[in-house]
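Sequential numbering from 1 along the given sequence is applied to the chain's residues. Note that the structure is a prediction, hence the values are computed from the model and not measured.
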Amino acid sequence: MKNRIKKMSFLFALVLCLSLTACGGDSKSAESTESEKSSTISPLNDPSEGLGDSDIGGTPADFSMYEGVWLPNEENEYDSMYMEFDTDGWWVIVIDGEQTDNGCLYHLAEDDCIYLDSAMDGAIDGGKVTLDGDQMYITTLGSFTHLESEENQEYDADAEVFHNPISMFEGTWYFDNDLAATMFIVIDGEGNWRFYQHASGDPEATEMDYGTLSYNEEEDGAYYADSAMYDNLRMRMYDQDEGVIVWNEDTFYRIDE
């Protein structure tokens, strides 16, 4: 009887040890799994982490000065292209109405510089960003001008309508590319215009109308010519080509005398 009790006590102790070992193993496994999950979160996957996280090697910084739409200064093959930043430094690149890349800015304390982090890890990734007023230069992308600068007030990124600046039309425009034409238009750098006409062979031209140019926000390269001489008179002007405009239905050419 005593031997049977000893054997039962031994078996009970053995079962208890095995149970405690199994529980300890499950706890360690759960901690390991949780650790692996937390290590996969990066600032690009979790916006609540903010910028300057150690995942991209950055330090906290103020990126609010980059906020807005930036247009490239160099000519390119696209109909439209712009780069847009929010106040926290998150950015997107939109080409011909399609988002082609996105990411965030980050600051490195070692050299006190701002860099571009791309979610696509493409050729632009890691570009150094330099800001000078309304001008921005990215080593891997080129130079940009902020939308709110005077040069770019005519661009509407949301509507994707593009106009050349009105200041580009400064000069004297002759009907049918003829210096002796009976009609010509003089436009200054502010978009103020004057329409002249004279009889053939008569060197003295008469001012027939005058007014100001404005942008037609619904059509690429289209402008309004509002008359200040006649009430409710609005004409259309189109930027047809370099040095060529269409005024209502007539074509005028800029000629440098």
**Asked** Got a sec: does the CE of Met168 have more than 12 other heavy atoms crowding it under 6.0 Å?
**Response** no

**Request:** Assign the ring pair Phe184 / Tyr196 to parallel, tilted or perpendicular, where the plane angle (0 to 90°) is split at 30° and 60°.
**Result:** parallel

**Prompt:** Does Met120 share a hydrophobic cluster with Val94, counting links as ILVMFWY side-chain heavy atoms below 4.5 Å and allowing steps through other members?
**Reply:** no

**Prompt:** Under a 4.5 Å cut-off applied to non-hydrogen side-chain atoms, are Gln197 and Thr206 in contact?
**Reply:** no

**Exercise: do Asp209 and Ser227 side chains pair donor with acceptor under 3.5 Å** = yes

**Request:** Report yes or no: do Met237 and Met229 belong to one cluster of Ile/Leu/Val/Met/Phe/Trp/Tyr joined by side chain heavy-atom distances under 4.5 Å?
**Result:** yes

**Asked** If you measure from OH on Tyr224 to CG on Leu213, what distance do you get to the nearest 0.5 Å?
**Response** 13.0 Å

**Asked** Do Trp173 and Trp193 have ring centroids that are under 6.0 Å from one another?
**Response** no

**Prompt:** Is a side-chain N or O of Asp241 found less than 3.5 angstrom from the main chain of Val244, in a donor-acceptor match?
**Reply:** no

**Request:** Identify whether Met81 and Val129 are in the same connected component of the hydrophobic contact network (ILVMFWY, side-chain heavy atoms under 4.5 Å).
**Result:** yes

**Message:** Within the structure provided, determine whether Ile93 and Leu141 are in side-chain contact (heavy-atom separation under 4.5 Å).
**Reply:** yes

**Fill in**
Residues passing the side-chain contact (heavy atoms from CB on, under 4.5 Å) test with Glu67, sequence neighbours excluded, are Thr87

**Item:** From Ile187 atom CD1 to Glu170 atom CD, the distance as rounded to the nearest 0.5 Å
**Value:** 9.5 Å

**Prompt:** Given the rule in the side-chain hydrogen bond (donor to acceptor under 3.5 Å, both in side chains) test, do Thr145 and Asp134 qualify, once you have shown the distances and angles that lead to the verdict?
**Reply:** CA-CA 6 Å; Thr145 300; Asp134 62 1; 5.9 Å; no

**Message:** The criterion is salt bridge (charged side-chain N to carboxylate O under 4.0 Å, His left out); which residues satisfy it with Arg254, sequence neighbours excluded?
**Reply:** none

**Asked** Just wondering, do His163 and Glu217 contact through their side chains at under 4.5 Å, heavy atoms?
**Response** yes

**Request:** Check Phe85 against Tyr66 and note the closest heavy-atom contact, atom names and distance.
**Result:** CB-O, 3.2 Å

**Request:** Evaluate the side-chain proximity of Tyr115 to Cys113: yes if any heavy-atom separation is below 4.5 Å, no if none is.
**Result:** yes

**Message:** When you compare the side chain of Ile166 with that of Tyr215, does any pair of heavy atoms fall below 4.5 Å?
**Reply:** yes

**Prompt:** Side-chain heavy atoms under 4.5 angstrom apart, residues restricted to Ile, Leu, Val, Met, Phe, Trp, Tyr: same cluster for Phe169 and Tyr210?
**Reply:** yes

**Complete:** CE (Met65) and CG (Leu105) are apart, to the nearest 0.5 Å, by 10.0 Å

**Request:** Sorted by first residue and then second, give each salt bridge (Lys or Arg N to Asp or Glu O under 4.0 Å) pair with at least one member in residues 225-239; sequence neighbours left out.
**Result:** Asp226-Arg234

**Test ring pair (Phe, Tyr, Trp, His ring centres under 6.0 Å) applied to Phe175 and Phe252, step by step** = CA-CA 4 Å; Phe175 174 68; Phe252 289 77; 5.8 Å; yes

**Nearest-0.5 Å distance that lies between atom CG in Asp62 and atom CD1 in Ile114** = 9.0 Å

**Message:** How long is the straight-line distance from CG of Asp96 back to CD of Glu77, given to the nearest 0.5 Å?
**Reply:** 9.0 Å

**Asked** What are the two closest heavy atoms between Gly221 and Tyr223, and how far apart are they?
**Response** O-CE1, 3.4 Å

**Complete:** Heavy-atom nearest pair, His107 first then Ala61, reads CB-CB, 3.6 Å

**Prompt:** So, Asp86 side chain and Gly89 main chain: donor-acceptor pair closer than 3.5 Å or not?
**Reply:** yes

**Glu207 atom CD, neighbour heavy-atom count above 12 within 6.0 Å** = yes

**Complete:** Between the CZ atom in Phe195 and the CE atom in Met183, the distance rounded to the nearest 0.5 Å is 5.0 Å

**Request:** Taking all non-hydrogen atoms of both residues into account, name the closest pair between Leu131 and Met136 and its distance.
**Result:** CD1-CB, 3.9 Å

**Message:** Going by the rule side-chain hydrogen bond (donor to acceptor under 3.5 Å, both in side chains), which residues pair with Asn76 if we only count those two or more places apart in sequence or in a different chain?
**Reply:** none

**Message:** Minimum heavy-atom separation for Trp70 and Gly133, please, with both atom names.
**Reply:** CH2-O, 4.2 Å

**Prompt:** So do Leu116 and Ile138 actually touch side chain to side chain, heavy atoms under 4.5 Å?
**Reply:** yes

**Item:** Close side-chain approach of Gln240 and Thr251, heavy atoms under 4.5 Å
**Value:** yes

**Whether His198 side chain and Ala181 backbone form a donor-acceptor pair below 3.5 Å** = yes

**Message:** Please say yes or no: joined through hydrophobic side-chain contacts below 4.5 Å, possibly via intermediate residues, are Val246 and Ile185 part of one cluster?
**Reply:** no

**Prompt:** Would you call Asn73 and Gln135 a side-chain contact if the rule is heavy atoms closer than 4.5 Å?
**Reply:** yes

**Asked** Excluding sequence neighbours, so at least two apart, what forms side-chain hydrogen bond (donor to acceptor under 3.5 Å, both in side chains) with Glu74?
**Response** Ser143

**Asked** Any chance CD of Glu249 has more than 12 other-residue heavy atoms, nucleotides or ligands included, within less than 6.0 Å?
**Response** no

**Message:** Restricting to non-hydrogen atoms, name the atom on Ser118 and the atom on Ile124 that form the minimum distance, rounded to 0.1 Å.
**Reply:** CB-CG1, 4.3 Å

**Message:** Run Asp101 and Trp91 through side-chain contact (heavy atoms from CB on, under 4.5 Å) and show every step you take.
**Reply:** CA-CA 8 Å; Asp101 202 351; Trp91 57 266; 3.8 Å; yes

**Complete:** Sequence neighbours excluded, the answer for side-chain contact (heavy atoms from CB on, under 4.5 Å) partners of Ala222 is Asn216, Glu219, Tyr238

